[in-house]
Amino acid sequence: MRRTGKLRRSFLKASISVDTIKKVIIGWKISQKTYHGIKHVSTLIKKSNRSRKSQCYVMDKGYDSEEIHTLIRNEIKADSIVPLRERKRKRRNGKNIESS
């Protein structure tokens, strides 16, 4: 694949969900496109929830979106802990756990 005149290699993208207490992989999604994991996160969360119910999902700040928080809060009935991203656009209505 070429971009800006340079040849780029293609890799597989793997996103995983891990039970951090038992240290077991409970869900995974693999694609041939190098999309950010945000494209797979709703499928991954639902798949993980079917195999093992969780009270809390912890993710890095790349997954900070209101859509993900709403999915976890309303459909899964769990809490989500995701550090806030620096936003140059409008403020989101999520909870800021640092100010609690």
Side-chain angles (χ1 to χ4, degrees):
M1 181 184 309
R2 289 196 176 273
R3 184 176 132 189
T4 64
K6 296 180 182 179
L7 184 62
R8 293 190 56 182
R9 296 180 64 182
S10 178
F11 298 96
L12 290 176
K13 170 68 177 178
S15 299
I16 63 170
S17 176
V18 178
D19 179 330
T20 56
I21 294 172
K22 296 192 176 190
K23 297 172 182 61
V24 175
I25 295 174
I26 56 175
W28 63 89
K29 177 74 177 164
I30 299 173
S31 72
Q32 290 184 331
K33 304 285 183 184
T34 55
Y35 297 129
H36 185 275
I38 196 98
K39 293 194 180 276
H40 302 297
V41 74
S42 63
T43 303
L44 190 56
I45 289 170
K46 290 174 186 176
K47 184 177 184 179
S48 299
N49 188 57
R50 280 193 300 272
S51 66
R52 187 173 305 216
K53 303 288 184 207
S54 178
Q55 295 176 356
C56 184
Y57 287 83
V58 179
M59 295 173 261
D60 66 34
K61 71 168 97 178
Y63 296 97
D64 180 27
S65 82
E66 200 60 34
E67 181 182 335
I68 294 170
H69 289 291
T70 302
L71 168 72
I72 293 170
R73 193 172 43 244
N74 297 341
E75 284 187 45
I76 307 297
K77 306 291 188 218
D79 292 325
S80 59
I81 298 176
V82 183
L84 293 174
R85 284 189 294 170
E86 297 294 322
R87 297 187 193 274
K88 295 182 178 165
R89 294 177 285 176
K90 70 178 187 173
R91 172 95 172 118
R92 300 292 178 155
N93 294 325
K95 292 181 184 178
N96 185 351
I97 61 169
E98 294 173 10
S99 64
S100 302

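The structure places OH of Tyr63 at 5.0 Å from OG of Ser15, a figure rounded to the nearest 0.5 Å. Interatomic distance, OG of Ser42 versus CD of Glu67, reported as 6.5 Å (0.5 Å rounding). In this structure, OG on Ser80 lies 4.5 Å from NE2 on His69, to the nearest 0.5 angstrom.
In terms of the side-chain contact (heavy atoms from CB on, under 4.5 Å) criterion, residue partners of Lys61 (sequence neighbours excluded) are, by chain and number, Pro83, Arg85. Remark: Glu75 pairs with Lys46, Leu71 by the side-chain contact (heavy atoms from CB on, under 4.5 Å) rule, at least two apart or across chains. Scanning for side-chain contact (heavy atoms from CB on, under 4.5 Å) contacts around Thr70 gives Glu66, Arg73, Asn74, with sequence neighbours left out. Shown here are the side-chain contact (heavy atoms from CB on, under 4.5 Å) partners of Lys22, two or more places apart in sequence or in another chain: Asp19, Val24, Arg52. Applying the side chain to side chain donor-acceptor pair (under 3.5 Å) test to Ser54 and every residue at least two apart in sequence or in another chain returns nothing.
Smallest separation of non-hydrogen atoms from Cys56 and Ala78: N-CB, 4.2 Å. Taking each heavy atom of Leu44 and Gly27 in turn, the nearest pair found is CD1-C, 3.4 Å.
Side-chain contact between Met59 and Asp64: absent, with no pair of heavy atoms (C-beta onward) separated by less than 4.5 Å. Side chains of Gln32 and Leu12 form a contact here, defined as non-hydrogen atoms less than 4.5 Å apart.
With a 4.5 Å cut-off between side-chain heavy atoms of Ile, Leu, Val, Met, Phe, Trp and Tyr, the cluster of Ile21 takes in none.
A donor-acceptor pair under 3.5 Å is formed between the side chain of Ser51 and the backbone N or O of Ile26.
Tested against Tyr57 for a side chain to side chain contact (heavy atoms under 4.5 Å, CB included), the candidates Ile81, Val41, Ile68, Ile76 yield a single pass: Ile76.
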Test side chain to side chain contact (heavy atoms under 4.5 Å, CB included) on Asp60 and Val82 and set out the steps.
-> CA-CA 6 Å; Asp60 66 34; Val82 183; over 6 Å; no

